[in-house]
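Just so you know, these numbers come straight off a predicted model, no measurement behind them.
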Amino acid sequence: MLHAAGLILVLAGIATALGLLLALADKKLAVPYDPLIDEVEEELPKGQCGNCGFAGCRQYAEAVVSRDDVPANLCIPGGPDVAAIVGKLTGKDAGEMVRQVAVVFCQGALDDTARRTHLYDGLDDCAAADMLYAGEKACEYGCLGLGNCARACPENAITMNAQRLPEVHPERCIGCGICVRTCPRGVIGLLPETSLAVVKCRNHELGKNTRTQCDRGCIGCRLCIRTCPHEAISLQKNLAVVDSAVCKTCELPVCLVVRCRPNAIQPYYGVDVPDIEPPKPRSIKKKKKTEESPNTEAVQES
């Protein structure tokens with residue numbers, strides 16, 4: 001009995017000593033708490049979208065309060081109003097914010113404009129369909145049409161239309177970017193509301209291949225590029241791409257009135273297409289070859 005009682009006393013002493021050490025460590029290593037973090041977090045939308053680059057609203061609040069390099073305008077869903085409040089609380093310049101809205105870069109409707117290669121009979125999930133023979137469409141860049149983006153949207157800003165394509169309701173979209181990260185094909189992106197024209201296609205195939213896959217795919221004909229007076233459109237891997245930062249300076253979006261055969265280039269939300277005569281495309285000068293290839297020289301010498 002005495003032996004057992006002594007053992008209990010020893011264990012109790014060790015536990016007491018460890019408790020004292022933990023208490024001292026907690027006091028010594030304690031990080032000062034800043035109540036400003038709670039104030040900033042309270043002003044955030046708390047959608048936990050992560051579009052600011054942090055895991056959630058709490059993490060962004062901690063970073064914007066404690067770090068000088070984190071700006072006050074990273075909360076896209078909050079917009080300029082939240083940025084102004086966060087800037088005022090933290091003493092930082094909120095800067096200028098432009099609202100961003102989700103855009104679907106695909107017009108390929110199955111059995112209408114897009115070709116079908118097979119019937120998909122599996123999970124009602126875009127990621128699953130993408131892994132199984134890359135979906136039903138011949139175009140491996142197009143929308144899979146199973147609605148992952150619509151289900152993931154926290155604001156119900158996306159619905160699936162009768163053609164099994166996602167339709168964005170811009171008045172509801174908060175620009176959180178969750179739909180962008182949900183889409184396995186990268187068919188959805190965020191564009192500033194100052195945009196005018198959008199190339200609603202993601203196909204990087206050559207024009208002749210694109211035509212066999214979809215009637216609305218960009219064929220890389222450069223017609224829109226040649227008509228743009230500000231050189232805001234470029235061809236990147238056989239696909240026309242609009243630079244929104246340059247495009248917004250154009251008073252008349254002439255790229256929208258040219259006769260794009262597949263109608264791949266479309267107006268941004270709320271942009272009216274003027275009823276005017278399409279402008280004459282300018283010619284693009286090709287670079288002259290300054291040096292002959294080794295094969296040519298070999299032929300000439302022989």
Side-chain angles (χ1 to χ4, degrees), residues 15-105 125-127 147-158 166 168-195 243-245 248 269:
T16 303
L18 289 174
L20 289 171
L21 286 174
L22 289 173
L24 290 172
D26 182 63
K27 186 175 181 181
K28 188 72 175 177
L29 302 176
V31 178
Y33 175 73
D34 191 344
L36 183 58
I37 296 173
D38 290 336
E39 293 184 46
V40 172
E41 185 186 14
E42 188 63 29
E43 299 298 334
L44 299 177
K46 299 181 184 65
Q48 317 302 335
C49 66
N51 209 23
C52 58
F54 296 91
C57 296
R58 179 69 182 184
Q59 289 73 20
Y60 173 55
E62 292 174 350
V64 75
V65 169
S66 60
R67 290 169 48 184
D68 294 334
D69 62 322
V70 178
N73 59 358
L74 292 185
C75 182
I76 295 177
D81 294 338
V82 169
I85 295 173
V86 174
K88 185 177 180 180
L89 289 171
T90 59
K92 296 180 178 180
D93 183 12
E96 182 180 357
M97 284 190 72
V98 178
R99 180 172 175 260
Q100 297 190 30
V101 180
V103 175
V104 180
F105 302 113
D125 182 86
C126 294
N148 283 27
C149 54
R151 291 190 292 271
C153 180
E155 300 295 324
N156 295 320
I158 303 178
V168 178
H169 304 277
E171 71 280 359
R172 302 181 202 165
C173 181
I174 60 174
C176 65
I178 292 177
C179 58
V180 178
R181 295 187 292 276
T182 300
C183 179
R185 287 283 178 86
V187 171
I188 302 180
L190 293 175
L191 288 181
E193 63 179 356
T194 52
S195 302
D243 185 343
S244 297
K248 67 180 182 181
Y269 304 114

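Crowding of E171 atom CD: a count of heavy atoms from other residues, nucleotides or ligands under 6.0 Å exceeding 12.
Minimum interatomic distance between P192 and V98 (heavy atoms only, all atoms of both residues): CB-CG1, 3.7 Å. The two residues G95 and N73 come nearest to each other via the heavy atoms CA-ND2, 4.3 Å. Taking every heavy atom of both residues into account, D125 and R151 meet most closely at CA-NH2, 4.1 Å. Between P166 and V104, the closest heavy-atom pair is O-CG2, 3.5 Å. Taking all atoms of both residues into account, the shortest heavy-atom contact from A102 to Y269 is O-OH, 2.6 Å. The minimum heavy-atom distance between A83 and A94, with the atom names listed, is O-CB, 3.4 Å.
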Handout entry: Verdict with supporting geometry, V40 and T90, side-chain contact (heavy atoms from CB on, under 4.5 Å)
Key = CA-CA 8 Å; V40 172; T90 59; 4.1 Å; yes

Practice task
Decide yes or no on side-chain contact (heavy atoms from CB on, under 4.5 Å) for L74 and V64, but give the supporting numbers first.
Solution key: CA-CA 9 Å; L74 292 185; V64 75; over 6 Å; no

Problem - Residue pair D38, R58: steps toward the side-chain contact (heavy atoms from CB on, under 4.5 Å) verdict - result: CA-CA 8 Å; D38 290 336; R58 179 69 182 184; 2.6 Å; yes

Problem - Test log, rule side-chain contact (heavy atoms from CB on, under 4.5 Å), inputs V65 and L89 - result: CA-CA 9 Å; V65 169; L89 289 171; over 6 Å; no

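The line from SG of C176 to CG of L190 is 8.0 Å long, rounded to the nearest 0.5 Å. The OH atom of Y60 sits 13.0 Å away from the CD1 atom of I37 when rounded to the nearest 0.5 Å. Taking CG from L191 and OG from S244, the interatomic distance works out to 4.5 Å, rounded to the nearest 0.5 Å. Atom CG in D243 sits 9.5 Å away from atom OG in S195 (nearest 0.5 Å). Distance check: C149 SG to R181 CZ gives 13.5 Å after rounding to the nearest 0.5 Å. Put simply, CD1 on I76 and SG on C173 are 10.0 Å apart, with the number rounded to the nearest 0.5 Å.
No donor-acceptor distance shorter than 3.5 angstrom exists from the side chain of N51 to the backbone of I178, with no hydrogens or angles considered. For K46 (side chain) and E42 (main-chain N/O), a donor-acceptor pair under 3.5 Å exists by modelled atom type. K92 places a side-chain N or O within 3.5 Å of a backbone atom of V70 that can act as its donor or acceptor partner. Using a distance-only test at 3.5 Å, with no hydrogens or angles considered, no donor-acceptor pair links the side chain of E62 to the main chain of Q59. N148 places no side-chain N or O within donor-acceptor distance of the main-chain N or O of T182, the cut-off being under 3.5 Å. In terms of modelled atom types and a separation under 3.5 Å, the side chain of R172 and the main chain of I158 share no donor-acceptor contact. With Q48 contributing its side chain and C57 its backbone, the two residues share a donor-acceptor pair below 3.5 Å.
Using a cut-off of 4.0 Å between Lys/Arg side-chain N and Asp/Glu carboxylate O, D93 and K88 are scored as not salt-bridged.
By the 4.5 Å heavy-atom criterion applied to side chains, C183 and C126 are not counted as neighbours.
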